[in-house]
Amino acid sequence: MNQEEKTLRESIRHLIRHVKHNKALKEENQLRSIIRQMMDFDIVEGQTPDVDPAPNKSTGINVLEELLKKIIPILETDYKSLTTSSDQRESYRSHVINAVDNSLTPAKLNNQAGDAMAAELGEEIEINVGDDDGDDKFIDIRTDAERSADDEETEEDPLDSFGAGVEGDETGRNVAYQSYKKIESSIIDAYEVLADPEDQELFYDYLIANLKLYFEKFEEELASQVDEPTNQAYDMAKEVDPTQTAEDDIELDL
């Protein structure tokens, strides 16, 4: 083997090693990339997506949260429609909160009294009514027309009943009445789902508190805009003749 052939063989070996090295490096890089992608994929797949807030520890608060999602948009729309005066909105707020209290108070009392107490009270009422037979002997000699007229006179206006004990603008009261007819059943149904006294108490307290907070939020959103910030230069500029052009006011030193 001459020197020329030997040199050629060495060159070929070097070239082969170089090719193998590059191939191995390329394959190693590709393998690293694949492993990295797999690791990233595993991390993403292993994570639990946080799409919903964690539930509260109290069932009463969880039930209330779902209720607020239903009723707050209704209250917001009707509250913000009262733009003539703040008295209307204040009346609306007072009547709604009072109505909520009136609706839930009987439910609270019934839960506290229990079935035994309710049965006992019912029995007492039945006995008292049965013992008094004076009404059974009364003969009503009014005509049907007279009875109808008397009933109309004594029948209370539902708006007056709704606003009993609450002072305020009548328009605000009337709109509150219409609003509350839309949400009353939802409120009562949500409360009656709860049997635990602690859940009931939290539901009631947080409902009243949140209604007040939301009404305050609505009022802030309706409040007139804050006066635009100004300064002395702007105030002086307002006093200049508006017909005067900017070129007349500005002198350039060239």
* Side chains of E170 and Q88: closer than 4.5 Å at any heavy-atom pair? -> no
* To do: Could you grab the distance from atom CD1 of I74 to atom OG1 of T77, nearest 0.5 Å is fine?
  => 8.0 Å
* Asked: Taking the six-membered ring for Trp, are the ring centroids of Y191 and Y204 within less than 6.0 Å of each other?
  -> no
* **Nearest non-hydrogen partners of E184 and S103, listed with the distance** => OE2-OG, 3.2 Å
* Asked: What's the spacing between L82 CG and E219 CD if we round to 0.5 Å?
  -> 10.0 Å
* Verify the neighbour count for atom NZ of K212: are there more than 12 heavy atoms of other residues, nucleotides or ligands below 6.0 Å? => no
* Salt-bridge present (K182, D78; N to O < 4.0 Å) -> yes
* To do: Please examine the side chains of L222 and R89, heavy atoms only from C-beta on, and report whether any two atoms are closer than 4.5 Å.
  => yes
* Asked: Side chains of Y79 and S179: donor-acceptor distance under 3.5 Å anywhere?
  -> no
* To do: Give the intermediate values and the outcome of side chain to side chain contact (heavy atoms under 4.5 Å, CB included) for residues L67 and I71.
  => CA-CA 6 Å; L67 173 67; I71 68 174; 3.8 Å; yes
* Parallel, tilted or perpendicular: which describes the rings of F218 and F215, with under 30° parallel and over 60° perpendicular? -> perpendicular
* For Y180 and A99, indicate whether the former's side chain and the latter's backbone hold a donor-acceptor pair under 3.5 Å. => yes
* Asked: Are I61 and Y206 side-chain neighbours, meaning at least one heavy-atom pair lies under 4.5 Å?
  -> yes
* Any sub-3.5 Å donor-acceptor pair from N98's side-chain atoms to S94's backbone N or O? -> no
* Structure fact -> Between the CD atom in Q178 and the CD1 atom in I183, the distance rounded to the nearest 0.5 Å is 12.5 Å
* Please check if the side chain of Q200 supplies one atom and the backbone of L194 the other of a donor-acceptor pair under 3.5 Å. => yes
* Asked: How about R173 and F162: do any of their side-chain heavy atoms sit closer than 4.5 Å?
  -> yes
* Side chains of T59 and D196: closer than 4.5 Å at any heavy-atom pair? -> no
* Structure fact -> Closest non-hydrogen atoms of V175 and Y92, given as atom of the first, atom of the second and distance, are CG1-CE1, 3.6 Å
* Any side-chain heavy atom of L211 within less than 4.5 Å of one from I72? -> yes
* Side-chain contact, heavy-atom cut-off 4.5 Å: I208 with I97? -> yes
* **S91 (side chain) donor-acceptor with G172 (main chain) under 3.5 angstrom** => no
* **E66 bridged to K70 by N-O distance under 4.0 Å** => no
* Is there a path from L104 to L68 through hydrophobic residues (I, L, V, M, F, W, Y) whose side chains come within less than 4.5 Å of each other? -> yes
* Asked: Are V193 and L202 connected, step by step, through hydrophobic side chains (Ile, Leu, Val, Met, Phe, Trp, Tyr) whose heavy atoms are closer than 4.5 Å?
  -> no
* Can you measure from OG (S185) to CD (E192) and round to the nearest 0.5 angstrom? => 11.0 Å
* With a cut-off of 6.0 Å (strictly less than), are more than 12 heavy atoms of other residues, nucleotides or ligands near CD of E216? -> yes
* Should E221 and K217 count as an ion pair when the cut-off is N to O under 4.0 Å? -> yes
* To do: Please check if any side-chain donor atom of D169 sits under 3.5 Å from a side-chain acceptor atom of S85, or the reverse.
  => no
* Hey, mind stepping through D199 and S58 against side chain to side chain contact (heavy atoms under 4.5 Å, CB included) and telling me if it holds? -> CA-CA 7 Å; D199 283 333; S58 167; 3.2 Å; yes
* For the residue pair Y214 and L75, establish whether any side-chain heavy-atom pair is separated by less than 4.5 Å. => no
* **Atom of F203, atom of G60 and distance for their closest heavy-atom approach** => CD1-O, 3.7 Å
